[in-house]
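Take a look at the structure set out below.
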Amino acid sequence: MSPADSPNASPDAVKRSRYTLRQLHLLRQGSTATPLRAIAHIDLDAFYAQCEMVRLGTDRDTPLAVRQWDSLIAVNYAARPYGITRMVTTAEARKLCPNIVLQHVATFREGEGGRWAYRDDSFKNIRTDKVSLDPYRAESRKILKTMKDELERWSADSVDEEVISLTQGLSASLEKASIDEVFIDMSPLIYRVLLQKYPELRQKSQDDNRDADLPPPPTTAIPWHTGDSLIELDKHEREEDDPDWDDVVMQIAAEIVRSVRTAVWNQLHYTCSAGVARNKMLAKLGSACNKPNAQTIVRNRAIQFFLNGYKFTQIRMLGGKLGEQITSDFGTEQVSELLSIPYEQLRAKLDDHTANWLYGVIRGEDRSEVNPRTQIKSMLSAKSFRPSINSVEQAEKWLHIFAADIYGRLVEDGVLENRRRPRVITLHHRVAQSRSRQIPIPGSSKIDEDLLFDLAKNLLRQVVAEGQAWPCSNLSLSVSSFEDGVSKNKAIEGFLSSRQRKKRRIDDGGIKRFFTHSPFPDDSNSAPAGNESPPPADQDSSNTPLGDFEPTLLQNTCDRCSKVIPEYEREEHDDWHFAKDLELQDRQEAMSAQQQSQQQTPPK
DNA sequence: AGTATGATT
DNA sequence: GGAATCATACT
């Protein structure tokens, strides 16, 4: 921070980049290994509260909190200056801010047809009502779709023919981390923008050493948006130094994230906060730095400074018992103090895997992937009993509501269209400690409310038969082990066996990587676009585990699309066609299934 | 198959 | 801090 003690920005500062062509090209695949990668974590601000603000149409400055019985589960930012937090009761909240809006969550009610509703007396009915988070799930889906669409726009919009041919089909991947959080891997998108903006990066690799340094970026200053919060650089780094490609990458990433946030605001009126960094861990910490409605950028050269200010117990996975143990083992919670502990000493106290992970994570390393998953893996419906319940009759009433709840959500998820169905159903039950029983859901039967209820009753009988079933303080029903619709599954299995588990390339889940989003039309809308093209024949070998070995002489012509394909691209190209065929077939099936299932429009 | 842990509003 | 979710790892 003191320009005085830097008399002369060293004249030969950055003549070359610190990064290589190989590291640049790794961006295309969402590889976890390149320091140039760009990950965002986006987090909706006080999500449940915002949902109610949108639903009720209240102003942004109106204090509002979401109520569950007599406690608050979300507090909007207008209410926070009054000292209202989630740990406050509704009575205290009213005292602190007399005109606050306290909106109770929607509930199911026994005997009212398994449908949730907003009821003005639900807070009095903790004994008969069960919370429903459905309205928030629905909003979450809308927001996710808006984000996806905006990212699609980025992958579609490019003018340069050469860049199109080099980067066709590259898109960002999006992981739904919870009801109000996503991770986005923007690396492939940024690769495309880089080639577009900097033609000097479009080299053919054949005549180049892929481990040679890149030329430096032709800029001396990064055009940061005024709304971006930049984390201060590490001690030995200076803002006056010329930027390198990682800085350029971060700025483009910030621009993409800004546009996603703007789209969510413009189309749905939700604000969110984002962190942008090299990996998930840093992005996640970053998104919490400036709330609400702001974005924080953790540049590579700022990582150490950034982490030094933290207690490691704030890092993902260290917030619980593991964090406590490490704290007591080494007598500190500070990242900065843990940094001075040599690896061997970590190994002495922790198991191999943990020590290794910890050593890296406090130095800003995290190679976890952004898992392109938007669908959930299990569904749970639960209730805690204030006065415990004491009979099978009471328990079965709740099982009825659980079954209705889960069934409704399964319908949203596509059971009727045979898209996905759960294979296992589980009952959790707590007296002093919690126990659970699970059984398979018969694959032959049609899943409906009654079936779920019957299976649940069955499980309850098992639990009760084991004794000590009462008084019960907590009961829950869940379904899990989802499988995809039969047609899709069979086809993919066929694909895998035909390949005889041949070494798959790079990362990932075989054919599924071609489905960046659901091939099925979403609830309300829109004709799926059929304008994709096969992956380009690429002169670059970073796709293959063979690295620099480039059999450039072997070329074939694809009999499906008449494109010229190098031999080493052949397999991937065939896979692409296979995925496309599958997608088309699925779409047709889904369409006809939808036409058959009649217009029982669910209540909004 | 069943349990425990961790994280989020 | 409690309630309701979700995910994953361990045994």
At under 4.0 Å between heavy atoms, what does [X] touch on the DNA or RNA strands: base, sugar-phosphate, or nothing?
X        : value
A:Ser71  : base
A:Ile73  : base
A:Asp180 : sugar-phosphate
A:Arg67  : nothing
A:Ser478 : nothing
A:Asn76  : nothing
A:Arg430 : nothing

Nucleotide B:dT9, atom C1' - distance to CD1 of A:Ile84 in whole Å: 16 Å
From CD of A:Glu324 over to P of B:dA7, roughly how many Å is that when rounded to an integer? 11 Å
Residue pair [X] / [Y], side-chain donor-acceptor N/O under 3.5 Å:
X        : Y        : result
A:Ser273 : A:Asp45  : yes
A:Glu110 : A:Thr128 : no
A:Glu52  : A:Tyr136 : yes
A:Asn390 : A:Ser388 : no
A:Asp228 : A:Gln295 : yes

Listing time: all N or O pairs from protein to nucleotides 4-6 of chain B that are below 3.5 Å?
residue : atom : partner  : partner atom : Å
B:dT5   : OP1  : A:Lys321 : NZ           : 3.2
B:dG6   : OP1  : A:Lys321 : N            : 2.7
B:dG6   : OP1  : A:Leu322 : N            : 3.0
B:dG6   : OP2  : A:Lys321 : N            : 3.0

Cation-pi, A:Trp116 ring and A:Arg137 (6.0 angstrom, 45 degrees): no
I want to check something: taking the side chain as every heavy atom from C-beta on, are [X] and [Y] in contact at a cut-off of under 4.5 Å?
X        : Y        : result
A:Leu358 : A:Leu318 : yes
A:Ile425 : A:Leu477 : yes
A:Asp352 : A:Asn356 : no

Does this structure show an ion pair linking A:Glu344 with A:Arg347, if we count only N-O contacts that are shorter than 4.0 Å? no
When you measure from the side-chain N and O atoms of A:Arg435 to the phosphate of B:dT3, is any distance below 4.0 Å, counting only OP1 and OP2? no
Residue met sooner reading DNA chain C from 5', once A:Phe385 and A:Met379 are mapped to nucleotides: A:Phe385
Result for 5'-nearest mapping on DNA chain C, choosing between A:Lys383 and A:Ser378, is A:Lys383
Nucleic acid contacts - residues 450-463 of chain A versus DNA chain B, non-hydrogen atoms under 4.0 Å: none
Can you confirm whether A:Arg55 is buried at CZ, in the sense that more than 12 heavy atoms of other residues, nucleotides or ligands lie under 6.0 Å from that atom? yes
Identify the 5'-most and 3'-most nucleotides of DNA chain C with at least one atom closer than 4.0 Å to a non-hydrogen atom of chain A. C:dG1 to C:dT8
Among A:Val298, A:Ile39, A:Asp366, A:Ile362, side-chain contact (heavy atoms from CB on, under 4.5 Å) partner for A:Met281: A:Asp366
